[in-house]
Amino acid sequence: MQWARGVLAEAVPALVGKTAGVRVLRGGPKRLAVLDMRAGPGLVLKQYSDDRGAWTRRWLQRLAEAGFAPPGRFAVTPAPGWSGTHRTLVTEVAPGAAWTDWLLAPAADRDVAAVAAADWLTALQALPVALPDRTGYRAGEELRRESGRLADRYPDSADRLLRVADAAHGRLYGDPSSPGTGLVASHGDLHPENLHLAAGGPLTVTAIDLDTAGLRRPAYDAGYALGQLLVVSWMRTGSFQPGAAAGLAFWRRWTACGGTDAEAVPAEVARALVQSLHFELITYRTGRADLLDRWLGVAIAVLAGGVPATFSALTTGQEPTS
């Protein structure tokens, strides 16, 4: 297609004429396409409404220079080019399968994948790399706004929504005199779809979609990943069990390998669940009001009992009630 050819001509001219096919995943003003290449890895073309993709490429390059590049075991997807004319970022297709797909693998393989994901996060958080401070992204006031919109739309759940938001906000932002936790490199959207794992010896782990990479407290990525594991598990299988089992393996590895700020992770899990409800019910208007009881029940349970107890219960099919 003409758009893809124009992007390559500006961003990676050496690859013009070397495509074997184009798969358009999303049309419109923010196009997303995959280019199959005659040789070498495929390419992803992601279009933006502004120049944010150019900044994303810069963060990817800095992470790669810090050691997160193929053929290392832990990597971010290489970004060979940026088209300013088309506002489109060109990245390589990540090898392997998304972490989401590993939830459906046999239990032993599922746990190995979760451990590899935790090792990737541990290595990322140890990188001495210059990234922007993103502590204001999805911060406390957004949590309050999202829970407030949900409460207005679903008044029967208002008390629980506001209770979860207040408790999570209090743990994350409640003591302004606290010295706080040091900031570390953060993916910013550590969803199981955004980590790809490839077999062939020790699993290699490659991250995609680092548009919101930056510096944050360590609990942010860990809690978001745990919350999204539960969401994806339920949406894919109708059960929390696979996601909770993977989350428990992930948690144990991350904390055993020195994961700091662990006491804030339950609040980040709760934040991720509220955000997921907001996406489903306010942003996308799916009408899935049945999710409110389940998501809020887990959020209340993890705030009260912590990650190990809550996720252990979910692995046995014991859903909390709110």
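- The shortest heavy-atom contact between Ala113 and Leu203 is CA-CD1, 3.7 Å.
- A 4.5 Å side-chain heavy-atom check between Glu193 and Trp99 finds every atom pair outside the cut-off.
- Of the inter-residue distances, the one linking Leu277 atom CG with Thr283 atom OG1 reads 11.0 Å to the nearest 0.5 angstrom.
- Put simply, the side chain of Ser83 does not reach to within 4.5 Å of the side chain of Trp3, judged on heavy atoms.
- When all heavy atoms of Arg73 and Ala116 are compared, the closest pair comes out as NH2-CB, 3.8 Å.
- Annotation: cation-pi geometry not satisfied between Arg217 and Tyr220 (NZ/CZ under 6.0 angstrom from ring centroid, within 45° of ring axis).
- Using modelled atom types, one finds a donor on one side chain and an acceptor on the other under 3.5 Å when comparing Trp295 with Ser276.
- The backbone N or O of Thr315 lies less than 3.5 Å from a partner atom in the side chain of Gln241, making a donor-acceptor pair.
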Run the side chain to side chain contact (heavy atoms under 4.5 Å, CB included) check on Trp82 and Val90 step by step: do they pass? CA-CA 6 Å; Trp82 161 256; Val90 180; over 6 Å; no

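- A donor-acceptor pair shorter than 3.5 Å cannot be found between the side chains of Thr212 and Asp189.
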Begin with the C-alpha distance, continue with both residues' side-chain angles, and end with the deciding distance and a verdict on side chain to side chain contact (heavy atoms under 4.5 Å, CB included) for Arg149 and His278. CA-CA 8 Å; Arg149 292 188 191 114; His278 188 271; 3.3 Å; yes

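- Under the 4.5 Å side-chain criterion, counting only non-hydrogen atoms from C-beta, Val164 is in contact with Val274.
- Between Arg216 and Asp133 no salt bridge is recorded (no basic side-chain N to carboxylate O distance below 4.0 Å).
- Here the CG atom belonging to Leu121 is positioned 8.5 Å from the CG atom belonging to Leu195, to the nearest 0.5 angstrom.
- Atoms CZ and NZ, on Arg38 and Lys18 in that order, are 9.5 Å from each other to the nearest 0.5 Å.
- Residue Gly306 comes nearest to Pro266 through the heavy atom pair CA-CG, 4.3 Å, listed as atom of the first residue, atom of the second, then distance.
- Side-chain contact between His187 and Asn194 is present, with heavy atoms from C-beta onward closer than 4.5 Å.
- Annotation: cation-pi geometry not satisfied between Arg52 and Tyr48 (NZ/CZ under 6.0 angstrom from ring centroid, within 45° of ring axis).
- Side-chain heavy atoms closer than 4.5 Å link hydrophobic residues (I, L, V, M, F, W, Y) into clusters, and following such links, even through other members, never connects Leu210 to Tyr137.
- Side-chain contact between Arg160 and Asp293: present, with at least one pair of heavy atoms (C-beta onward) separated by less than 4.5 Å.
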Carefully, step by step, assess Asp51 and Arg87 under the rule salt bridge (Lys or Arg N to Asp or Glu O under 4.0 Å). CA-CA 6 Å; Asp51 291 334; Arg87 289 179 171 172; 3.7 Å; yes

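- The closest side-chain heavy-atom distance from Leu296 to Val298 is not below 4.5 Å.
- Gln47 places no side-chain N or O within 3.5 Å of a backbone atom of Thr88 that could act as its donor or acceptor partner.
- Atom CG of residue Leu45 and atom CG of residue Leu8 lie 6.0 Å apart, to the nearest 0.5 angstrom.
- Under the 4.5 Å side-chain heavy-atom criterion for Ile, Leu, Val, Met, Phe, Trp and Tyr, Leu273 and Phe279 are members of distinct hydrophobic clusters.
- Checked by atom type, the side-chain pair Thr77/Glu92 shows no donor-acceptor distance below 3.5 Å.
- Of all the heavy atoms in Gly287 and Leu281, the pair that sits closest is C-CD2, 4.1 Å.
- Counting non-hydrogen atoms of other residues, nucleotides and ligands closer than 6.0 Å to CZ of Arg285 gives a total of 12 or fewer.
- The two atoms that bring Gly140 and Arg271 nearest to each other are N-NH1, 4.3 Å, heavy atoms only.
- Within a 6.0 Å sphere centred on CH2 of Trp55, other residues, nucleotides and ligands contribute 12 heavy atoms or fewer.
- Taking hydrophobic clusters as Ile, Leu, Val, Met, Phe, Trp and Tyr residues chained together by side-chain heavy-atom distances below 4.5 Å, Leu32 does not share a cluster with Leu43.
- Between Pro95 and Pro41 the shortest side-chain heavy-atom distance does not fall below 4.5 Å.
- Side-chain atoms of Arg288 do not come within 3.5 Å of backbone N or O of Glu280 as any donor-acceptor pair.
- Proximity of a side-chain donor or acceptor of Asp221 to a complementary backbone N or O of Leu190 within less than 3.5 Å is not detected.
- One hydrophobic cluster, built from ILVMFWY side chains closer than 4.5 Å, cannot hold both Val76 and Val44; they sit in different ones.
- Judged as a side chain to side chain contact (heavy atoms under 4.5 Å, CB included), and not counting sequence neighbours, the contacts of His196 are Ala94, Ala98, Ile208.
- The shortest distance between side-chain heavy atoms of Arg138 and Leu143 does not fall below 4.5 Å.
- Counting only N and O atoms by type, the side chains of Glu10 and Thr85 include a donor and acceptor under 3.5 Å apart.
- Evaluation of the ring-ring contact (aromatic ring centres under 6.0 Å, His included) rule for Phe68 yields Trp120 as partners, not counting sequence neighbours.
- Checking side-chain atoms of Thr310 against main-chain N and O of Val307 turns up no donor-acceptor pair under 3.5 Å.
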Please step through side chain to side chain contact (heavy atoms under 4.5 Å, CB included) for the pair Val265 and Thr255, ending with a clear verdict. CA-CA 11 Å; Val265 169; Thr255 53; over 6 Å; no

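- Cluster membership for Trp102 and Tyr224, using ILVMFWY side-chain heavy atoms within less than 4.5 angstrom, is not shared.
- The nearest pair of heavy atoms linking Leu292 to Ser157 is CD1-OG, 3.7 Å.
- The distance from atom CD of Gln2 to atom CZ of Arg5, rounded to the nearest 0.5 Å, is 6.0 Å.
- Residues satisfying the ring-ring contact (aromatic ring centres under 6.0 Å, His included) criterion with His169, sequence neighbours excluded, are Tyr173.
- With sequence neighbours excluded, the residues that form a side chain to side chain contact (heavy atoms under 4.5 Å, CB included) with Arg294 are Trp234, Phe240, Glu319.
- Taking CZ of Arg57 as the reference point, atom CG of Asp211 lies at 14.5 Å (rounded to 0.5 Å).
- The existence of a salt bridge linking Glu65 and Arg58 is excluded, since no basic side-chain nitrogen approaches an acidic carboxylate oxygen closer than 4.0 Å.
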Can you list, pair by pair, the side-chain donor-acceptor contacts under 3.5 Å of residues 243-253, counting residues two or more places apart and other chains?
unit_1, atom_1, unit_2, atom_2, d
Arg253, NE, Asp119, OD1, 2.7
Arg253, NE, Asp119, OD2, 3.4
Arg253, NH2, Asp119, OD2, 3.1

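- In this structure a side-chain-to-backbone donor-acceptor pair under 3.5 Å is missing from Arg163 to Ile300.
- Partners of Ser49 according to the side chain to side chain contact (heavy atoms under 4.5 Å, CB included) rule, which considers only residues two or more places apart in sequence or in another chain, are Lys30.
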Run Arg236 and Leu104 through side chain to side chain contact (heavy atoms under 4.5 Å, CB included) and show every step you take. CA-CA 9 Å; Arg236 279 211 171 191; Leu104 306 178; 4.0 Å; yes

